[in-house]
**Student:** 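Please see the structure below; I have some questions.
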Amino acid sequence: MPQSSSIHQESWGGNNSCTAPVDDFSFLIPPNNNQIHHHDGCLEYASAATPTVKVGNISKVEDAAYFRIYYGQTFKVIKNTLDGKSYLLIQNNTRMASRTKYCTSRIKSFVIPLANYSIETDYFFPVSFFELLGLLGNLKGITSTYVASQCVLKLYQDGQVESINKNDPQQLAQYAAHFIANTDEAQPCNFATFVPIGEDAPLQRAEWIKYLGVFGNMENRANQVYDAIKENYLCLSKAATSRKSFKPTVSWMEYKDGVWSFTREPYKLKFIEDAGGVNVDDSINKVTYNMSIPDDLEEFHAILCTVDVVIDETYTSDPEVYNGSTFLGNINLEDQSCFAFLSNQSMWRYDKRVQNSTVLDWYDGAVSQPQLVLADIIEALYPTGNYNTTYFRNIAKGEGIISIGPEMCERDSSIPMEPTVVACQ
């Protein structure tokens with residue numbers, strides 16, 4: 001390892017003077033002629049022979065809770081606390097790239113920028129992050145067509161991206177990196193997890209674009225995209241939450257096997273708060289309601305009478321035929337007089353954009369561009385009638401789905417996709 005391999009740290013728990021936890025990065029300690037100083041569980045080192053690190057293209061983690069980035073002169077380190085691994089990323093034009101290789105239970109190394117990569121797409125992987133960075137040109141393999149990106153589908157259709165068998169180690173080994181979203185599966189040396197959905201807030205999830213940017217030496221682009229998304233999101237939220245008018249009560253809910261439940265995923269509740277609404281979940285102490293039990297049915301209807309906007313998350317194998325009548329049948333209503341969400345015609349689902357009736361863009365584009373989700377929810381809470389939602393459809397008004405297909409890709413997928421900025425006063 002070169003003698004100049006000192007670490008420059010960007011954002012570890014808000015303390016920029018700490019390079020890294022000793023236990024995690026002891027393998028990066030420089031040769032013996034350098035002086036090692038320990039303090040507060042961190043390591044620092046300095047040497048007359050080690051020049052000051054000068055890094056221009058860096059990303060600093062501001063909002064995300066589950067990854068951190070560290071910079072050296074010839075390498076970078078990503079610490080992913082969701083899978084418990086440290087990723088050592090070594091610049092391809094250095095001696096270190098040919099001499100250093102790590103593949104242990106907690107440390108892996110990659111040579112960057114990645115020459116190519118593949119994705120395990122079986123679990124609704126958010127490929128839109130790669131699109132925003134302009135990295136689709138290096139995508140060479142996917143494990144399924146379960147993607148909500150029209151341009152990835154077109155690349156596959158045109159033969160530029162191949163289908164690979166995720167159970168064949170030889171196929172997977174041909175890629176510089178294979179990105180996965182399931183942290184529980186076995187991970188060979190070239191596997192890297194990408195799990196923005198593990199975060200608890202919309203902007204935290206979106207900031208994972210910086211995680212991918214590091215693999216492609218595209219920090220500047222990642223920073224640019226995230227800054228635009230965050231600025232737009234905060235502007236929309238400020239305008240919505242500063243309203244002096246009545247704040248609508250919103251319920252996220254789903255139906256399965258005769259039982260309704262109120263869902264409480266933190267990022268969804270955060271969306272409602274940021275849109276100027278109130279979550280019904282804060283006022284109830286029972287989560288599930290069996291429609292075949294009279295007391296449950298009565299209590300469930302009583303709660304629904306307090307709700308102004310319903311977001312129905314019920315799974316369906318055919319979103320195209322799931323409509324307002326389907327929802328009303330599931331909630332077993334006879335007298336509809338007290339339900340504000342019915343009189344307001346405010347019953348929503350987030351399956352407006354779907355590929356092959358199974359893959360929702362909610363798990364892809366909506367993760368990387370939360371400002372569009374927020375704009376949709378603001379329209380649901382405070383309808384203007386002149387905003388066309390992206391991910392949500394109003395089943396009370398009979399709004400249907402948009403089927404995603406490769407023919408919808410009308411841009412050059414080799415260049416970065418620009419984030420959509422919603423007009424904000």
Side-chain angles (χ1 to χ4, degrees), residues 63-66 81-82 123-124 126 181-184 195-208 233 237 240-241 247-291 293 295-316 319 322 327 330-332 339-341 344 346-352 360-364 366-367 370-381 391-395:
D63 300 302
Y66 294 113
T81 53
L82 286 175
Y123 300 98
F124 309 140
N182 181 5
T183 59
D184 294 328
V195 279
I197 59 172
E199 299 280 356
D200 289 337
L203 287 176
Q204 290 178 332
R205 290 150 63 99
E207 194 174 22
W208 278 67
Y233 186 101
S237 179
T241 55
K247 291 184 179 296
T249 300
V250 184
S251 169
W252 298 81
M253 49 197 286
E254 64 179 342
Y255 180 74
K256 183 179 181 181
D257 298 330
V259 176
W260 277 100
S261 59
F262 292 102
T263 54
R264 300 186 176 188
E265 291 173 272
Y267 81 94
K268 294 175 182 174
L269 304 184
K270 178 66 172 167
F271 268 129
I272 301 305
E273 294 170 5
D274 291 345
V278 177
N279 286 292
V280 70
D281 310 74
D282 295 335
S283 60
I284 60 175
N285 53 25
K286 181 176 168 64
V287 177
T288 60
Y289 298 84
N290 191 321
M291 294 297 94
I293 300 176
D295 286 350
D296 272 19
L297 183 63
E298 185 72 6
E299 188 175 352
F300 179 65
H301 287 169
I303 293 170
L304 287 185
C305 275
T306 71
V307 173
D308 302 294
V309 179
V310 161
I311 301 175
D312 177 16
E313 304 181 72
T314 302
Y315 170 77
T316 175
Y322 193 107
F327 171 79
N330 288 339
I331 62 175
N332 194 11
F339 298 96
F341 64 86
N344 297 338
S346 195
M347 293 153 44
W348 299 81
R349 289 178 59 83
Y350 51 63
D351 58 2
K352 183 173 181 177
L360 306 187
D361 202 12
W362 175 257
Y363 299 108
D364 191 342
V367 182
Q371 79 283 7
L372 296 179
V373 178
L374 183 63
D376 282 7
I377 294 176
I378 292 172
E379 177 65 20
L381 271 56
Y391 300 106
F392 284 82
R393 64 185 179 106
N394 191 338
I395 57 174

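Note that this is a predicted model, so its numbers are computed, not measured.
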**Student:** Identify the heavy atoms of T81 and A65 that sit nearest to each other, and give their distance.
**Tutor:** OG1-O, 4.2 Å
**Student:** List the atom of L381, the atom of G276, and the distance in Å for their closest heavy-atom pair.
**Tutor:** CD2-C, 4.1 Å
**Student:** Work out which heavy atom in L297 is nearest to a heavy atom in M291; give both atom names and the distance.
**Tutor:** CD1-SD, 3.5 Å
**Student:** Could you tell me how the ring of F339 sits relative to the ring of H301: parallel (under 30°), tilted (30 to 60°) or perpendicular (over 60°)?
**Tutor:** perpendicular
**Student:** Do the side chains of I272 and W252 get nearer than 4.5 Å, heavy atoms only?
**Tutor:** yes
**Student:** Just checking, is any N or O donor in the side chain of E199 or Y66 under 3.5 Å from an acceptor N or O on the other one?
**Tutor:** no
**Student:** Less than 4.5 Å apart, side chain to side chain, heavy atoms only: is that true for V195 and W208?
**Tutor:** yes
**Student:** Report yes if the side chains of E273 and K270 come closer than 4.5 Å at any heavy-atom pair, otherwise no.
**Tutor:** yes
**Student:** Nearest 0.5 Å, what's the CZ-CG distance between R264 and N279?
**Tutor:** 10.0 Å
**Student:** When the ring planes of F300 and Y289 are compared, do they come out parallel, tilted or perpendicular, using 30° and 60° as the limits?
**Tutor:** tilted
**Student:** Could you report the tightest heavy-atom contact between T288 and D296, atom names first, then the distance?
**Tutor:** O-OD2, 4.2 Å
**Student:** Say you draw a straight line from OG of S251 to CD of E313; how long is it, rounded to the nearest 0.5 Å?
**Tutor:** 9.0 Å
**Student:** Nearest 0.5 angstrom please: L203 CG to L374 CG, how far?
**Tutor:** 9.0 Å
**Student:** If you define the side chain from C-beta out and look only at heavy atoms, does anything of D200 sit under 4.5 Å from Y267?
**Tutor:** no
**Student:** Atom OG in S261, atom CG in N290: separation rounded to 0.5 Å?
**Tutor:** 11.5 Å
**Student:** Measure the shortest side-chain to side-chain distance between M253 and V280 over non-hydrogen atoms and say whether it is less than 4.5 angstrom.
**Tutor:** no
**Student:** Aromatic rings W362 and F271: how do their planes relate, parallel, tilted or perpendicular, breaks at 30° and 60°?
**Tutor:** tilted
**Student:** Let me confirm one number: the CG-CH2 distance from D351 to W348, rounded to the nearest 0.5 Å.
**Tutor:** 12.5 Å
**Student:** Provide the closest heavy-atom pair for V367 versus R205 in the form atom of the first, atom of the second, distance.
**Tutor:** CG2-NH2, 3.6 Å
**Student:** Looking only at side chains, do Y322 and D312 share a donor and an acceptor under 3.5 Å apart?
**Tutor:** yes
**Student:** Measuring from atom OG1 of T249 to atom CG of L304, what distance do you get when rounded to the nearest 0.5 angstrom?
**Tutor:** 12.0 Å
**Student:** Checking F327 against T314 for the side chain to side chain contact (heavy atoms under 4.5 Å, CB included) test, could you report, in this order, the C-alpha distance in whole Å, the side-chain angles of both residues, the deciding distance, and whether it holds?
**Tutor:** CA-CA 9 Å; F327 171 79; T314 302; 5.8 Å; no
**Student:** Do W260 and N330 have side-chain heavy atoms sitting under 4.5 Å apart?
**Tutor:** yes
**Student:** So, for F392 and D376, which heavy atoms are closest and what is the spacing to 0.1 Å?
**Tutor:** N-OD2, 3.2 Å
**Student:** Does a donor on one side chain and an acceptor on the other come within less than 3.5 Å for Y233 and D274?
**Tutor:** yes
